[in-house]
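Note on naming: letters A, B, ... go to the chains in the order of the sequence lines (proteins, then strands), and numbering restarts at 1 for each one. Just so it is clear, the structure is predicted and the values come from calculations on it, not from any experiment.
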Amino acid sequence: MPPAAKALRKEVRAFLNEQMPKSVSSAEKARSWSGGAAAFSKLLGQQGWLGMTWPKKYGGHERSYAERYVVIEELLVAGAPVGLHWVADRQSGPLMLRFGTEEQREFFLPRIARGEAYFCIGMSEPNSGSDLASVRTRAHKVEGGWRINGQKIWTSNAHSAHYMIALVRTGEAETRHAGLTQFIVDMKSEGLTVKPIANLTGESHFNEVFFDDVFVPDNRLVGREGDGWRQVGAELAFERSGPERYLSSIRLFLEFLRVAGPNPTELEKQLIGRMTAEMWTLRQMSMSILGKLAAGEDPAVDAAIVKDIGTSFEQELPRLVQANAREDVTLETGDAFDDTLSYLLQTSPSFSLRGGTREILRGIIARDLGLR
Amino acid sequence: MSELRTLLSETTARVLADSRNAPLERAWTQIAQAGLASVLIREDDGGFGGTWSDAMIVMKAAGQHACAAPLPENILATALANAAGVTLPDGMITIGPRPDGALNGTGFTGSIAGVPWGRNASHVATIVARGGGHQLVIAKVADAKITPHENPAGEPRDTLAFDNAPIVTAEIPGWDSHRLYAFGAMLRSAQIAGAIAGALELSVTYTRERQQFGRPLANFQAIQQQLAVLAEETAASDMAAAAAFRAAGTGEGLFECAAAKLRTNRAARTATGIAHQVHGAMGFTAEYDLHHFTRRLWAWQTEFGNERFWGGKIGSGVAARGPANFWADLVALSE
């Protein structure tokens, strides 16, 4: 990490110390990038901590990838409510920087960097999950733009996002990877309906999104018509290698440390040691990909490796903590430890699903090994 | 990788591959002549003038080529000699991981267990406390009573007993026997990373060639998914070991040595299971090469500290610092 990153880390910690209300519960913090607060997103924008690596002419701050990494690490560890702008800052903005038109960059990027424009990702469909190339939502050409018909599902934050980057079919259905195109869809468009889906905890983070002849003007097509598959692939290394892929359960680890106290049992020592070594290793792996991204490489396979190991870890953590918690833990009392454990036990199955399932990731790695 | 490192990596791979089936004495001559044991020795003194990260390249290759000689141990011995400001004698120098004895005047009395290739080495280097400080002790193996032992991979791990043996000794600032043990763990983490890479390579080749149900095993998703995990563990062990070697070159490195051994041990456990499973009965034969990697991986998990040992050390330290310091401490390691 460069020296500038170290100074920035101090700054972010001081900011969080001041801005994170002391009353936020541990379980609330555990939500982090699944939670969100509009005022907080704006505040981050004012700090210059959104769109950090983007050119200044688009409202960015021309900071290094390492500096952005420091900021998101500290936000995640503090359990800050970063969910609203998360996708826009992490991948929609970079997508437009790479493939978007000048007009798109000038319009959207400053809004994202101010923490005012949120994005969601319209990929999965009812019959198109891991088999993403089978998407059937279709755009057909009309005067001045396109009309979209079809349905997306499992779209996180569709209910709070202003825009969706939708992957839809513009070519022949038989061609699979070819004929897919990305559009920026205004979520207020006529004919677009968002219907929340309650997850198993009763909360609604993901949604169904219905497109009934939704009009999208020509200037909202991202990159090249028919190039959607390749463009989606270019986002994935960003999406899969970040610290959010191993830190989702850190709040429970910290609770475990708190309850274990300075003189833990032998069993607790073992668990703490093992989980610490794993986080240390994952951090090294995640940062090494950062170096490759900064150098303009496309470390898709490395990112798949980090995501699979990282999410396996953050998923295993609640199970390990439950199996080894002290006998007075009941999951009933509603204290910080109970609530955090209870929340993560229930949400951790999603960790190895969102952003590409474990099986898909391993398929990517197997292909790189020359097995398929 | 820098040009120099690429060269070092290629040279190491070539020499170790060439000398693999040679008798130890001849293999060692080739290794010594290629300067592999001198990677940390200053260029002025006829070495490569490398860093610990350069040393890792050699040690990982030692694991990847199932090197049957105390090459990593000899490299560590050169670092100890450098820290103590003494010149090592010529020959094959190994390390004494667990010294149990005392210095009296210029003699050493006691025993050292688990000495890699003790019977073959010319000298053993270890660290013994004296007064308030710590002494690097270099003893001639010829002065020892040797009790031979082998680890499960058949590698010599001998007990050397000394009775007032004449030694070279010097104060070694910044070191003690615990640090020596931790650095031994770091050595093994690099070798483990190399051996896992070797096991992965064999597994990929084998499953692409072996046909069942009319197609290569590699075509089956059940096999692909397992080998993907093996590749993940290869990457994780490589990264953990590399981070420890980097830390050894810049600071104290004790946490990193511990974390790297803990993580690579875990990787070794997963990797040996998968590599054997995808090989079927063939991998279980003496004739096939897989056991050169897996038997070492089993042996090395115990050497220089198992997961319980290092888990306890890290766990105690982290718990004593408490949740408020956890993240700041973790991040500070890389700053």
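Salt bridge annotation for A:Arg9-A:Glu73: present, with a cationic side-chain nitrogen under 4.0 angstrom from a carboxylate oxygen. Salt bridge annotation for A:Arg354-A:Glu244: absent, with no cationic side-chain nitrogen under 4.0 angstrom from a carboxylate oxygen.
For the set A:Arg283, A:Glu266, A:Met279, A:Glu74, the count of heavy-atom pairs under 4.5 angstrom toward chain B peaks at A:Arg283. Of the listed residues A:Glu255, A:Glu278, A:Met275, the one with more heavy-atom pairs under 4.5 angstrom with chain B than any other is A:Glu278. When each of A:Ile305, A:Leu257, A:Ile365, A:Ile272 is scored by its heavy-atom pairs under 4.5 Å with chain B, the top score falls to A:Leu257. When each of A:Gly363, A:Ala5, A:Gly370, A:Ala304 is checked for heavy-atom pairs under 4.5 Å with chain B, A:Gly370 comes out on top.
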Would A:Glu239 and A:Lys307 satisfy salt bridge (Lys or Arg N to Asp or Glu O under 4.0 Å), going step by step from the backbone distance to the final call? CA-CA 9 Å; A:Glu239 187 180 345; A:Lys307 183 174 182 289; over 6 Å; no

Dump the intermediate steps for side-chain hydrogen bond (donor to acceptor under 3.5 Å, both in side chains) on A:Ser128 and A:Asp131, then the final yes or no. CA-CA 5 Å; A:Ser128 183; A:Asp131 182 14; 6.0 Å; no

Intermediate values then yes/no, side-chain hydrogen bond (donor to acceptor under 3.5 Å, both in side chains), A:Ser241 and A:Ser286: CA-CA 6 Å; A:Ser241 66; A:Ser286 173; 5.5 Å; no

Before you tell me yes or no, could you show the steps for A:Glu316 and B:Arg266 under salt bridge (Lys or Arg N to Asp or Glu O under 4.0 Å), namely the whole-Å CA-CA distance, both residues' side-chain angles and the distance that decides it to 0.1 Å? CA-CA 15 Å; A:Glu316 185 191 18; B:Arg266 203 169 155 221; 3.8 Å; yes

Salt bridge (Lys or Arg N to Asp or Glu O under 4.0 Å), that's the test. Do A:Arg326 and A:Glu268 meet it? Break it down for me. CA-CA 10 Å; A:Arg326 297 188 173 184; A:Glu268 287 164 344; 2.7 Å; yes

Let's go through A:Ser64 and A:Glu67 carefully: what are the C-alpha distance in whole Å and the side-chain angles of both, what is the deciding distance for side-chain hydrogen bond (donor to acceptor under 3.5 Å, both in side chains) to 0.1 Å, and is it a yes or a no? CA-CA 5 Å; A:Ser64 67; A:Glu67 288 173 300; 3.2 Å; yes

Output, in order, the C-alpha distance, side-chain angles, deciding distance and verdict of ring pair (Phe, Tyr, Trp, His ring centres under 6.0 Å) for B:Tyr181 and B:Phe309. CA-CA 12 Å; B:Tyr181 197 69; B:Phe309 181 83; 5.6 Å; yes

Could you please spell out the steps behind the side-chain contact (heavy atoms from CB on, under 4.5 Å) verdict for A:Phe351 and A:Leu344? CA-CA 10 Å; A:Phe351 298 169; A:Leu344 286 168; 3.9 Å; yes

Checking B:Arg296 against B:Gln301 for the side-chain hydrogen bond (donor to acceptor under 3.5 Å, both in side chains) test, could you report, in this order, the C-alpha distance in whole Å, the side-chain angles of both residues, the deciding distance, and whether it holds? CA-CA 9 Å; B:Arg296 282 178 169 82; B:Gln301 284 176 68; over 6 Å; no

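When heavy atoms are compared at a cutoff of 4.5 Å, B:Arg208 approaches chain A solely by way of its side chain, counted from C-beta outward. Residue B:Thr207 touches chain A through its side chain alone, counting heavy-atom pairs closer than 4.5 Å. Heavy-atom distances place the side chain of A:Ile250, and not its backbone, under 4.5 Å from chain B. Of the atoms belonging to A:Leu247, it is side-chain heavy atoms, and not backbone ones, that fall under 4.5 Å from chain B. Heavy atoms of B:Arg321 lying under 4.5 Å from chain A are absent altogether. Proximity to chain B is limited to the side chain of A:Phe253, based on heavy atoms less than 4.5 angstrom apart.
Listed for the B:His279 side chain is a donor-acceptor partner under 3.5 Å among the backbone atoms of B:Ala275.
Counting heavy-atom neighbours within 6.0 Å of B:Gln277 CD, excluding the residue itself, gives a total of 12 or less. Counting non-hydrogen atoms of other residues, nucleotides and ligands closer than 6.0 Å to CZ of B:Phe284 gives a total of 12 or fewer.
If you check the side chains of A:Arg358 and A:Thr311, you find no donor sitting under 3.5 Å from an acceptor.
Residues of residues 255-263 of chain B lying under 4.5 angstrom from chain A, judged on non-hydrogen atoms, are B:Phe255, B:Glu256, B:Ala259, B:Ala260, B:Leu262, B:Arg263 by number. Within residues 322-335 of chain B, the residues approaching chain A closer than 4.5 Å by heavy atoms are, in numerical order, B:Gly322, B:Pro323, B:Phe326, B:Trp327, B:Ala328, B:Leu330, B:Val331, B:Leu333, B:Ser334, B:Glu335. Below 4.5 Å, heavy atoms of chain B meet heavy atoms from A:Arg13, all part of residues 12-31 of chain A. For residues 186-204 of chain B, heavy-atom neighbours of chain A at less than 4.5 Å comprise B:Leu200, B:Val204, sorted by residue number.
No close placement of the B:Phe293 and B:Trp300 rings is indicated, their centers lying 6.0 Å or farther apart. For B:His292 and B:Trp298, the distance between ring centers is not under 6.0 angstrom.
Paired with A:Thr333 under the rule side-chain contact (heavy atoms from CB on, under 4.5 Å), one option of A:Asp339, A:Asp328, A:Asp338 passes, and it is A:Asp338.
The closest side-chain heavy-atom distance from B:Ser53 to B:Arg5 is below 4.5 Å.
Heavy atoms only, all atoms of each residue included: B:Leu40 and B:Gly50 are closest at CD2-O, 3.5 Å.
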